[in-house]
Number of protein chains: 2
Amino acid sequence: MPGARESKDGWPTQRDVAQRAAVSTMTVTRVLRDDPRVLPATAERVRAAVAELGYRRNEIARSLRLASSTGLVGLVVTNLANPFYSRLALSVGSVVAEHGLKTVIGNTGQDLDNERSLVEDLVARRVDGIIAVPAGADQRHLAAAAAQDVPVVLASRPPVGFEADCVLVDDFGGARDATERLLAAGHRRIGFLGSPPAVYTGAERLRGYAAALEAAGVAPDDTYVRQEQQQTGEAARAAAELLALPTPPTALFCSNNRNTIGAFRAISAAGADTALAGFDDFELADALGLPLTLVAYDSDELGREAGRLLTGRMRAGSVRDETAEDTPPRRTVIPTSLVEYGVLPQGIWQVGERGEAGETDR
Amino acid sequence: MPGARESKDGWPTQRDVAQRAAVSTMTVTRVLRDDPRVLPATAERVRAAVAELGYRRNEIARSLRLASSTGLVGLVVTNLANPFYSRLALSVGSVVAEHGLKTVIGNTGQDLDNERSLVEDLVARRVDGIIAVPAGADQRHLAAAAAQDVPVVLASRPPVGFEADCVLVDDFGGARDATERLLAAGHRRIGFLGSPPAVYTGAERLRGYAAALEAAGVAPDDTYVRQEQQQTGEAARAAAELLALPTPPTALFCSNNRNTIGAFRAISAAGADTALAGFDDFELADALGLPLTLVAYDSDELGREAGRLLTGRMRAGSVRDETAEDTPPRRTVIPTSLVEYGVLPQGIWQVGERGEAGETDR
DNA sequence: CTGTTAGCGCGTTCAA
DNA sequence: TTGAACGCGCTAACAG
């Protein structure tokens, strides 16, 4: 004897509630919506039935009826284990939540096929919008989504091959500034460690590095440039190779936090006094016992702005039909600033100044 | 003249495809399912129509028809910015993906109301299962979900008030071991820094700490116990207070990485030589220039096991109806081990040994 | 204030 | 090998 409650698959439906309360399903709908045109007594009966049956309305059926408004936004990132992306997820979530939207997070693992199928799945699930950090330059799946009137916002990379809003970090300027700082300290042989050229931010930051060198009249030297490292281990090895050159660089600029940490380890291991600068601030950067120049920026603002751009598009798409449709794509750039960490332990009161996003409760 | 393509809201439907291919919707369904009983010629026409219209089947309608199987699992965590949780999300995702399932991540921000509404929303969206790290002891919303035959698995905390599978870390044993290590080094005044008592892991780790003290014949002293810190800043202040006592502790045990990092900062700032031990391994722990004993465990395994337990339940729930229904709840415990970090910089080749989950591509 | 009708997009059932 | 009818659970539009 199966313990089916009211309906076949165990879930009480609106009709079950209606029957129990001796009303029509429409009345149930109205009560659930707090429609004032329902007699208090009736509403009470319905509410009682809802409670007794443990009824929850089926959002699937609901959003089918309501035609494409699931109240979900899709967020596509390459690696959630990177604090940058998990914070992005949080800040995006906080903004869209203000609009009553939930976030579905997809992780591509930097794989284009994953990314494509993920985006297609989100579209098939009728998310109301997508925020993506695309892995590469092939963004046809995103273009397709945008072409189907799904608002798309790119974070940290610009759209290629189609039009969409995006939020960027000042990759070029930040890298240039940091490199200039090294030059100003007298360095002339400055190495570069970064991600593969195909990664937009890596390429931009390399440009900034090169621009600073050129402006200072320092000839670029490919011997000092390594751009295939995505993990700290790879970065440490690449840095060690540079340090082992006959004429090693006296300073290193790293285009992201993985490379900075790897370079730090290589420098420590070698006991070298190579100067170090890098893109991205990170926790404990001030505690490494090495002078360190970092390019910092408000990564939470990046996520919030992405959320704002997206909700703006969603609003536009639904309210009007002609004018707002073709608002030109917006592009926001998050500014960067340089942060210097020293050899001495920082006072504890400085702790709160940098983002304390990593609160725990474990 | 609105540029509606085929259907009113811009989305081509199965019927649009059917019309264009001059077949019925049923044939379209069959082609999409690669049903061999369709004439190759017909199938080709349909595929062409699909391509030309850019048709994607509507997963919303599909899962409505298919009655509660959305292919989605919900993951509820308290703070995604904590690496522990973002890695949990990744490892859970990797396991459920093998079963063709996607993950919906919800962040509660440690707020019970958020958690409740999040879980209810997931249930209303008919996720096929839920993995949760509940914020507190009030788990009625999870119990309700479980009662409605939504498989629920708890991670890092046990269920209270209902039955469910769960994966735990050996909180008690790990904390006891670390404290014993401090005792073995001769320490007798050992402080404790941790999260609020309401947090299960915090309470268990305090128990482990206390058990070790008792076994060593050291009388517990509440003066040395602070358990309200959730962020590094709070932890640093609490640690500083302990260090400023007339008879300060000579060692500190911290029940999680936030407290360990905070304590580290306080010790550095004070220039003290207080010994430090803590629960959770974390990146750069080896680079702090302080001796450090950490309780490490395989956090990825925790997520994978949670995923396995959940998919196991989902399978059971759908295949049979009588026997497997009441399989007793399973409880897995992830073992811990102690890791020692020293004052000297570690060689770079040691880098790869600890999890390199934080690869970046930025 | 409440109920009836109709249909969102898809897939199952049964018939042709 | 293909199609027509029906319904999943819900709600907009119109009665009454």
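Only a predicted model underlies this, so the values are computations on that prediction, with no experimental measurement involved. All chains are named by letter (A, B, ...) in the order of the sequence lines, taking the proteins before the strands, and each is independently numbered beginning at 1.
Residues passing the side-chain hydrogen bond (donor to acceptor under 3.5 Å, both in side chains) test with A/Asp121, sequence neighbours excluded: A/Arg125. Every side-chain hydrogen bond (donor to acceptor under 3.5 Å, both in side chains) that B/Asp165 has, sequence neighbours left out, goes to B/Arg313. Shown here are the salt bridge (Lys or Arg N to Asp or Glu O under 4.0 Å) partners of B/Arg140, two or more places apart in sequence or in another chain: B/Asp138. Every side-chain hydrogen bond (donor to acceptor under 3.5 Å, both in side chains) that B/Arg116 has, sequence neighbours left out, goes to B/Asp113. By the side-chain hydrogen bond (donor to acceptor under 3.5 Å, both in side chains) test, B/Arg62 pairs with no residue at all, sequence neighbours left out. With sequence neighbours excluded, no residue satisfies salt bridge (Lys or Arg N to Asp or Glu O under 4.0 Å) with B/Arg33.
Under the 4.5 Å side-chain criterion, counting only non-hydrogen atoms from C-beta, A/Thr13 is in contact with A/Asp16. Within the 4.5 Å cutoff, the side chain of B/Val76 has no heavy atoms near those of the B/Val133 side chain.
Residue A/Arg126 contributes atom CZ, which lies 14 Å from atom P of C/dC8 at whole-angstrom precision. Across the protein-nucleic acid pair, A/Leu53 atom CG and D/dG9 atom C1' stand 15 Å apart, rounded to whole Å. Rounded to an integer number of Å, the gap from CG of B/Asn58 to P of D/dC8 is 18 Å. Remark: P of C/dC8 and CG of B/Asp16 are 11 Å apart, rounded to the nearest angstrom. One interatomic measurement links the two molecules: CG of B/Asp35 to P of D/dT1, which rounds to 9 Å at whole-angstrom precision. The interatomic distance linking A/Leu64 (CG) with D/dG7 (P) rounds to 17 Å, in whole Å. A straight line from CD of A/Gln19 to P of C/dG3 spans 13 Å, rounded to a whole angstrom. D/dA5 atom C1' lies 13 Å from atom CZ of B/Arg15, rounded to whole Å.
Five base pairs at each end of the helix from C/dC1-D/dG16 to C/dA16-D/dT1 define two local axes, and these are offset by 40° (rounded to 10°).
Residue A/Val38 places its side chain closer to C/dT2 than to any other of C/dT2, D/dT2, C/dG9. Here the nucleotide nearest the side chain of A/Ser24, chosen from D/dC8, C/dT4, D/dG3, is C/dT4.
One finds no side-chain N or O of A/Thr42 lying less than 4.0 angstrom from the OP1 or OP2 phosphate oxygen of C/dC1.
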Report summary line: A correct 5'-to-3' footprint of nucleotides 11-16 of chain C, with B, S and - meaning base, sugar-phosphate only and no protein heavy atom under 4.0 Å, is BBB---

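In this structure, B/Ala43 and B/Ala61 both approach DNA chain D, and ranking their closest nucleotides by distance from the 5' end singles out B/Ala43.
The salt bridge (charged side-chain N to carboxylate O under 4.0 Å, His left out) contacts involving residues 70-82 of chain B comprise nothing, where partners must be two or more places apart or lie in separate chains.
Contacts of B/Val23 with the nucleic acid, taken as non-hydrogen atoms under 4.0 Å apart, involve only primed sugar atoms and P, OP1 or OP2.
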